[in-house]
Amino acid sequence: MSSTGSDDSYFLLVDCNSFYASCERVFQPALRKRPLVVLSNNDGCLIALTPEARRLGLELGDPYFKKQDVIEKNNVAVRSSNYTLYGDMSRRVRSTLKQFSPHLETYSIDEMFLRLTGSPHRDLTQYGHHIVQTVKKCTGIPVSVAIAPTKTLCKVAMERAKIEGQEDVQNTANWKDPEAVLATLPVEDVWGIGSAYARTCRQAGIKTALDLRNCSSRWARNNLTVTGLRRKRELQGISCIPLEPGSAPKKRITCSRMFGEKITEFQDLREAVLTYTRHACKRLRDDEQCAATVQVFIRTDRFVEEKKYSSITLQGLSQPTDSTHVIARKACRCLEEIYRPHYRYHKAGVILSELVPRDKIQRSLTKAETSPPDEKMMHVFDEINKKFGKNSLQLLGEGLEKNWHMRRNHLSPAFTTRWQQLPIAHTV
DNA sequence: TCTGGGGTCCTAGGACCC
DNA sequence: TCTGGGGTCCTAGGACCC
């Protein structure tokens, strides 16, 4: 495997094994001996599986209702997704990893890249094992580690680490025959090659990661855009995708949900849209940003044979704001614009975009929709919800019944974020 | 009855300008 | 017959990720 050879730096990828399922197991030891699956929002499909569940033939993305018989027959434990818990566990893993390198990128809730430069640890593989043990000890979460000269090769190595029977620490430098590893990886399993690009590749006879590495740069650029060309070069060991430390400010914030039951009435949709607006605005303030545009969309079920309708519209704010009230008014106007009666709606969402950092806003003297008292009120609003739970204080228009609420029939307690729900240890 | 939610980046094409 | 060339900005749609 060629490498840039320009320096002695490496990327190290840490991936939490079956992350959501592992989080559930940390606080419920009884689950450790049982196969376990975690469901998506609305208990729709399987989004995390322990290896035991995989061995029963269950797969990521399977609709829950189609697999219920297998699940019941084999006494598989089922949990609704509990993002508050997973987010908190992710933070614990991240703070543990910071002791190994200051150059850390949070790639997703369960994956982190580290960049090691001039590491005193000559034996990087051993170092990887040390990281696995430390994270397990400090957080209870099992992780795998991949070490390579580029991020894409880290992902290749991670694919290997996840194969049963393979080492959970993979260092490409130690592979006896790297080409053989690349030749066994189907091209669609390369990071950045999805189903559409994979089809293009296969039509051109490019079937494996090795084929992609060896294809002409011109072909990659013309058929897979610059992103495909980058993947090819990364497979060659030339780093094109840098570490992105810190968290770049978000460019948009979306809150959308499918409903537990289909709804037709404007009033119900309005309640849902207001609830999503409140959640989105809270995230906006957490991000210390303001939005200049609000978008609202509604749609019927695309899987069912019935009258379909889908629409989206937007409203601009005269001045960027993070005020739930101001944004909620605009969101309602959007909804009025796109709502059509007699359809059975299935999903709605709110998107905040054209975000600007709060401290960079040009104050308008004439058209202020957000006044300083509003800012104070939002602060109080957030503080109350922080103290008493995130839905304690809502907008009046959100309603009380919420017959559109999503299903979460298997939710675990908020072990790490609510005092009342702390796990209790018993002495024997 | 029942198929997630939240993001980013890239490109093509149209509008517009000089 | 023959209808510029080059640039920017915006948007929609496609593709990808976890």
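Proteins get letters first, then strands, A, B, ... in listed order; numbering begins at 1 in each.
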For A:Asp322 and A:Arg358: C-alpha separation, side-chain torsions, deciding distance, then whether salt bridge (Lys or Arg N to Asp or Glu O under 4.0 Å) applies.
CA-CA 8 Å; A:Asp322 60 3; A:Arg358 186 159 50 201; 3.0 Å; yes
How many whole angstroms separate atom CG of A:Leu46 from atom C1' of B:dG5?
16 Å
Tell me whether the OP1 or OP2 atom of B:dC2 has a side-chain N or O from A:Lys262 closer than 4.0 Å.
yes
Applying a 4.0 Å non-hydrogen cut-off, can you work out what A:Val350 is touching in the nucleic acid: base, sugar-phosphate, or nothing?
nothing
Given atom CD1 of A:Ile109 and atom C1' of C:dC18, what is their separation to the nearest angstrom?
10 Å
Grab the CZ-P distance between A:Arg231 and C:dC17 for me, whole Å please.
7 Å
Classify the nucleic acid contact of A:Leu39 as base, sugar-phosphate or nothing, counting any heavy atom under 4.0 Å across all strands shown.
nothing
Picking from C:dC18, B:dT3, C:dC16, the nucleotide nearest the side-chain atoms of A:Glu111 would be C:dC18
What distance do A:Ser22 atom OG and A:Met89 atom CE have between them, rounded to the nearest 0.5 Å?
9.0 Å
Salt-bridge test for A:Glu105 and A:Lys151: reply yes if a basic N is under 4.0 Å from a carboxylate O, no otherwise.
yes
Do the side-chain N or O atoms of A:His346 get closer than 4.0 angstrom to the phosphate oxygens (OP1, OP2) of B:dC2?
no
Measure from CG on A:Asn223 to P on C:dC16 and round the result to the nearest Å.
13 Å
Do side-chain atoms of A:Asp211 reach the backbone of A:Thr208 as a donor and acceptor pair under 3.5 angstrom?
yes
Using a cut-off of 4.0 Å between protein heavy atoms and nucleotide atoms, how would you tag nucleotides 6-15 of chain B 5' to 3' with B, S and -?
SSBSSS----
When rounded to whole Å, the CG to C1' distance for the pair A:Asp62 and B:dC2 reads 14 Å
Within the 4.0 Å heavy-atom criterion, would you say A:Tyr107 contacts the bases, only the backbone, or no part of the nucleic acid?
sugar-phosphate
Flag for A:Ser90-A:Asp110: side-chain donor and acceptor within less than 3.5 Å:
no
B:dC2 C1' sits how many Å from A:Met258 CE, rounded?
8 Å
More than 12 foreign heavy atoms under 6.0 Å from NZ of A:Lys137: is that the case here?
no
So, are A:Arg283 and A:Asp287 salt-bridged, with charged N and O less than 4.0 Å apart?
no
Ring pair (Phe, Tyr, Trp, His ring centres under 6.0 Å) evaluation trace for A:Phe100 with A:His130
CA-CA 10 Å; A:Phe100 295 102; A:His130 177 50; 5.6 Å; yes
Does anything in residues 52-63 of chain A pair up under side-chain hydrogen bond (donor to acceptor under 3.5 Å, both in side chains), and if so which pairs, sequence neighbours excluded?
A:Arg25-A:Glu52, A:Thr50-A:Glu52, A:Arg55-A:Glu164
Per-nucleotide pairing state of DNA chain B [Watson-Crick or G-U, under 3.5 Å; [ ] pseudoknot-crossing; | other strand]
....||||||||||||||
Please report the distance, rounded to the nearest Å, between CG in A:Asp43 and P in B:dT3.
11 Å
Length of the line joining A:Glu105:CD and C:dC17:C1', which is rounded to integer Å
12 Å
Side-chain N or O of A:Lys155 closer than 4.0 Å to phosphate OP1/OP2 of C:dC18:
yes
Salt bridge (Lys or Arg N to Asp or Glu O under 4.0 Å) assessment of A:Asp301 paired with A:Lys347:
CA-CA 8 Å; A:Asp301 191 342; A:Lys347 183 174 182 176; over 6 Å; no
